[in-house]
Amino acid sequence: MSTQVPDQVEDESSAETVPAGKQKRDAKKRERAERVQEQREAEAAEKARAADDTYHLKVFRYDPEVPDKQEPRFDDFYVPYKQGMTILDALMWARDHYDSSLTFRHSCRQAICGSDALFVNGSQRLGCKTQLSDLSEPVRVEPLPHADVVKDLVVDMEHFYDQMEAVEPYFQTNSLPDGELEEQRQTRENREKVKMSTRCIWCSACMSSCNIAAGDNEYLGPAAINKAYRFAMDEREGEDMKQRRLEILEQEHGVWRCQTQFSCTEVCPKDIPLTEHIQELKREAIKNNLKFW
Amino acid sequence: MYEHDVIVVGAGGAGLRAAIAAHEEGADVAIVSKLHPVRSHTGAAEGGINAALREGDSWEDHAYDTMKGSDYLADAPAAETLCKDSPKETIKLEHWGMAFSRDDDGRVSQRPFGGLSFPRTTYAGAETGHQLLHTMYEQLVKRGIKVYDEWHVTRLAVSDEENPEDRTCHGIVAYDVQTGTVEGFSARNGVILATGGLGQVYDHTTNAVANTGDGVAMAYRAGVPMEDMEFIQFHPTTLPSTGVLITEGVRGEGGILYNEDGERFMFEYGYANNLGELASRDVVARAELTEVNEGRGIEDEYVHLDMRHLGEERIIDRLENIIHLSEDFEGVNPVEAPMPVKPGQHYAMGGIETDENGETCITGLYAAGECACASVHGGNRLGGNALPELIVFGKRAGHHAAGKDMEEARITTGKVGDYETAEVESPVQLGEAGIGEDAVADGGAAADSGAAATGTDLVQQAVEDERETINHLLEKEDGIQHAEIRERVQQSMTQYVNVFREEEGLKQALRDIREARELYQDVFVGDKSRTFNTDLLQTLETRNILDIAEAITLGALARNEFRGAHWRKEYQERRDEEWLKHTLLSWNDGKPELWYKPVILEGESKTYEPKVRSY
Ligand SMILES: Cc1cc2nc3c(=O)[nH]c(=O)nc-3n(C[C@H](O)[C@H](O)[C@H](O)COP(=O)(O)OP(=O)(O)OC[C@H]3O[C@@H](n4cnc5c(N)ncnc54)[C@H](O)[C@@H]3O)c2cc1C
Ligand code: SF4
Ligand code: FES
């Protein structure tokens, strides 16, 4: 893999073997491209100048491969404001009109894929769900804290995924009905009980906000514990499975690490009562011990 | 080079189901996906999954509704397969723990949806797709199936016989987003494309930014025809500012549409005198735009969707997510005020031509989910019919690729049997300005593989071609950026190839696309880094957008009738004598070639006779 940025690349059309007609066409194409690009940049600058309202963003930049981005820094972008504009919209505008190398994850634009959790003005938020108008300027946009930065606003998610997978995050039941057309019944109340816990979009905002997780790399963390809650409280799984789940959660780096600081609950974009879920599991764990010791 | 029996490209509902199915059959299967599985767009689906689960309902009724909804352009063997397998597959999700909404007796809940003769849409609040995607991913983790996530697949490794029907797919080439490495993945048994939708061809869409039609375009360039691309579904209720979807469940539960004058226009102006708001999507989308065009829209742009009368309790119970979406993205609390809505691009009925087992005309190449066209939806998809498609056809493709004996397909693929060649009068030379002839080597049927003998050789050759392409894009110092090209195409498509289509507009769109193709030959990537280079990836995606925009527009220009979602100003009637046939577009030596094959209306025990479609 090459890590070097080529200094100067010979333009193809200047090579000797290229026929004259093609050279001309290429030159024309290049001219047109330059014109279009210039026009575009001028338009962008003009739009920013002419807008009644521009937002000033200070965006974290870092790229291990590009010499002048190896030292982390903040770049300033002035983005013309449109009613309803979100952080994500502003980043996309900056990327498409100023600097195509500005890098961040995003996909759904509707708070369901979980890929654009960012650290905005000092707290964890989804870019697509955060209105610019709710923030004070300059808006500081940084990658999630307590995770390795891959580039610009992109962080390494491996650790988060590992923790999620450590709790056996899949349904396990012994009492499936015989018929393949027959569902397991579940009461409305029980569905209601697990409902909030099923809403997690794996954005990792909670993990990033948690002091305990920052200090203890093995702590399962709020999202994974919530995932375990989702199954432990589902009546369809049965008592023996719940027992097993509680054992996983009781281990050294499990629920007992939580110091009820509520930061996870505060940042969760899906309003999952994470701290409450963790507390409830602690209570279950105690009941469980009383029963079996 | 990585080697597996089956490689699944994409990890949305279709990809995950395909991988689990192949694993069930004992195959060594891996998923390669540009997004981590839980980030796939299936998570955004709201309304529900259609399945005939209850007394009083039957798969036959579901099939009838599906054929009617399709405006008789679906193939009966595919529609019947969907409706027969859906109940079993939906309950399987329940057995896997999916958190469906529940009735008082503890059974999964169902609700009415547009175009359905029975309330058979099974749902989990207004977040059915999220629950489905996560449940299925959990099953993947349980089975320990390998996922290469954040690997962007750029090309198929297909042998280069002259006729696509003689070609074989041996694997894929993918780009590791984190490190910038280009690698080959050889598939001993088969490759399944499950790359999802293509909404990014338009600028107002419910689709994710990742939905750029990669699978459809890659298969096309490898020799598989694109089928029925002109049929694009515009959803009637999207938020005007962002395109975020407000589920049909709102109308299913009793939500009402009003124009500026406060008239319930679906009835008032006779758009659908029986079903009103619950007529099928094409009908409602046209009604809304007609209101706007006739000056009865609000701010000349949208109409109102009101669900206040349902009461807060019912809204929270069944549509809670809608409150959040409307508040977060439009600043309107729908418990207190009506929501502004307008039509937006939502779904591609067409896609990679497959049969009902998910197989394409190229041996070892399969497709399932939104990128595929087994022809379940024909001219118009019924709401709630895409999620069952993912699980039903994902599973079948997975089984087939893993070597399970399948019943022989009734749908034919490729240029065999009955087909009709065609020409279309186009304002520009089609395909002549092939994408990036200079800038990017063609991604076609491993064009230069020459004497490549084995499958892995072929994959290796494709890898080398791709490395060259990518190096070139990264080394080029100036030119035009993809964002500019993409924006032009998106705007032209939204202006001219939308809900309402006119001959002149379609021709203008073709000219615009042609111009964009020419610009693309000079595309360059500003970001020179090998680490997480989204600039490069979007540049590659833009190329797919170009091919797909062209296919949609060409198909639309050629089809001079009005069917399903395809409305033509000059042709206000469905013309069954001439048009009960599928549009196919093949990539032939740098030129798109148009041809047709007949629709199959004969089902298992009856023939679906085309009737006037009224709601
Ligand atoms: C907002 C919304 C609401 C909807 N609601 C409903 C509903 O209620 N009921 C219903 O039936 N249908 C609904 N639909 C339709 C349905 O959700 C989609 O058709 C379906 O989810 C598509 O699933 P998929 O598996 O085909 O693709 P996706 O879920 O989009 O997954 C595509 C996968 O392919 C991967 N991929 C794409 N390109 C590449 C590449 N080049 N390399 C590697 N990987 C790639 C992506 O990473 C992703 O994992 C809705 C759609 C939308 C947009
Ligand atoms: S619990 Fe909330 S904050 Fe944590 S990952 Fe899930 S959605 Fe994100
Ligand atoms: S882009 Fe998907 S959560 Fe924000």
Side-chain angles (χ1 to χ4, degrees), chain A residues 1-3 5-6 8-9 11-12 26 29-30 32-34 36-37 40 63-66 83-84 96 99-101 103 106-115 129 150-151 154 157 161 165 169-171 173 176 180-188 191 194-195 198-199 201-202 231 234 236, chain B residues 35-36 38-39 41 43-44 53 87-88 91-92 94-97 99 101-102 104-108 127 130-131 134-135 138-139 141-142 178-181 208-210 241-242 244 325 328-331 438 475-481 483-484 519 521-522 526-532 534-535:
Chain A
M1 188 182 88
S2 145
T3 54
V5 181
Q8 187 67 55
V9 180
D11 196 280
E12 268 195 330
D26 283 344
K29 259 193 293 180
R30 216 177 24 255
R32 184 178 55 199
E34 274 164 20
V36 171
Q37 190 61 30
R40 205 173 152 71
D63 186 334
E65 301 238 357
V66 177
Q83 166 84 28
D96 290 348
D99 182 352
S100 67
S101 73
T103 305
H106 66 302
S107 189
C108 70
R109 310 172 336 237
Q110 58 182 80
I112 195 72
C113 76
S115 55
K129 207 189 147 182
V150 177
K151 175 174 166 184
V154 174
M157 294 287 290
Y161 295 147
E165 291 183 9
Y170 34 83
F171 190 65
T173 183
L176 279 186
E180 58 178 10
L181 285 173
E182 175 119 15
E183 67 261 50
Q184 248 187 313
R185 308 267 172 137
Q186 181 184 25
T187 61
R188 287 171 68 101
R191 197 242 170 198
V194 297
K195 182 175 85 182
T198 63
R199 296 221 168 131
I201 55 174
W202 297 44
F231 293 112
D234 192 316
R236 294 172 296 166
Chain B
L35 305 175
H36 182 278
V38 304
R39 312 260 180 261
H41 204 53
L53 294 173
K88 214 166 56 199
I91 294 303
K92 176 159 273 169
E94 200 283 337
H95 290 178
W96 285 344
S101 292
R102 299 282 167 167
D104 287 337
D105 62 1
R107 296 196 66 183
V108 296
E127 50 189 50
H130 167 80
Q131 301 289 358
H134 282 259
T135 301
E138 289 157 19
Q139 292 299 311
V141 173
K142 182 175 180 190
Q178 297 238 359
T179 65
T181 323
V209 177
S241 58
T242 47
V244 165
L325 292 176
D328 291 341
F329 300 102
E330 203 71 39
D438 327 322
E475 282 162 12
K476 195 163 163 12
E477 281 292 324
D478 58 8
I480 192 154
Q481 295 196 326
E484 163 79 17
L519 287 178
Q521 291 185 37
D522 197 29
D527 188 354
K528 300 300 177 198
S529 174
R530 287 271 172 179
T531 305
F532 222 97
T534 51
D535 194 6

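Keep in mind that what you see is a predicted model, and the values were worked out from it rather than measured. In the text below, chain A, chain B and the rest are named by the order of the sequence lines, each starting its count at 1.
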Nearest atoms (heavy-atom pairs only) where B/Glu138 meets A/Tyr170: O-CB, 3.5 Å
For chain A, the option from B/Val244, B/Leu53, B/Leu325 that forms the most heavy-atom pairs under 4.5 Å: B/Val244
B/Lys528 side chain reached by A/Val66 side chain, heavy atoms, under 4.5 Å: no
Structural part of A/Glu182 lying under 4.5 Å from a heavy atom of chain B: backbone
OG1-NZ distance between B/Thr531 and A/Lys151, expressed to the nearest 0.5 angstrom: 6.5 Å
A/Thr198 to B/His130 - nearest heavy-atom pair and separation: O-NE2, 2.9 Å
Contacting moiety of A/Val150, where chain B heavy atoms sit under 4.5 Å: both
Evaluation steps, side-chain contact (heavy atoms from CB on, under 4.5 Å), between A/Trp202 and B/His134: CA-CA 10 Å; A/Trp202 297 44; B/His134 282 259; 3.3 Å; yes
A/Arg109 side, atom CZ; B/Phe329 side, atom CZ - distance, nearest 0.5 Å: 9.0 Å
Side-chain touch A/Ser115/B/Arg39, heavy atoms, less than 4.5 angstrom: yes
Test item: B/Asp527 and A/Asp99 side chains (from C-beta on) under 4.5 Å apart, heavy atoms: no
Contact origin within B/Thr135 toward chain A - heavy atom pairs under 4.5 Å: neither
Min side-chain heavy-atom separation A/Glu183-B/Arg107 under 4.5 Å: yes
With sequence neighbours excluded, residues passing side-chain hydrogen bond (donor to acceptor under 3.5 Å, both in side chains) with B/Glu330: B/Ser241
B/Arg102 side chain reached by A/Thr187 side chain, heavy atoms, under 4.5 Å: no
Sequence-distant partners of B/His95, side chain to side chain contact (heavy atoms under 4.5 Å, CB included), two or more places apart: A/Leu176, A/Pro177, B/Ile91
Non-hydrogen atoms of A/Thr103 and B/Phe532 that approach each other most closely: CG2-O, 3.3 Å
From CA spacing to verdict: side chain to side chain donor-acceptor pair (under 3.5 Å), B/Thr242, A/Gln110: CA-CA 9 Å; B/Thr242 47; A/Gln110 58 182 80; over 6 Å; no
Residue pair A/Cys108 / B/Ala208: nearest heavy atoms and the distance that separates them: CA-CB, 3.9 Å
Heavy-atom side-chain contact between A/Ile201 and B/Val38 under 4.5 Å: no
Contact summary for A/Ser107 and B/Ala210, nearest pair of heavy atoms: OG-CB, 3.5 Å
Non-hydrogen atoms of B/Ala99 and A/Arg191 that approach each other most closely: O-NH2, 3.1 Å
Salt bridge flag under 4.0 Å for residues B/Lys142 and A/Glu165: no
Side-chain donor-acceptor contact under 3.5 Å, B/Asp535 with A/Ser101: no
Full working for side-chain contact (heavy atoms from CB on, under 4.5 Å) between B/Lys92 and A/Glu180: CA-CA 7 Å; B/Lys92 176 159 273 169; A/Glu180 58 178 10; over 6 Å; no
Residue selection (most heavy-atom pairs with chain B, distance under 4.5 Å) from A/Gly84, A/Pro64, A/Ala111, A/Gly114: A/Gly114
pair A/Cys113-B/Leu35: side-chain heavy atoms closer than 4.5 Å: no
Heavy-atom pairs under 4.5 Å with chain B, option from A/Lys195, A/Gln83, A/Arg236 with the top count: A/Arg236
Most contacts with chain A, counted as non-hydrogen pairs under 4.5 angstrom, among B/His41, B/Gln131, B/His36: B/His36
Test side-chain contact (heavy atoms from CB on, under 4.5 Å) applied to A/Arg199 and B/Glu127, step by step: CA-CA 9 Å; A/Arg199 296 221 168 131; B/Glu127 50 189 50; 2.8 Å; yes
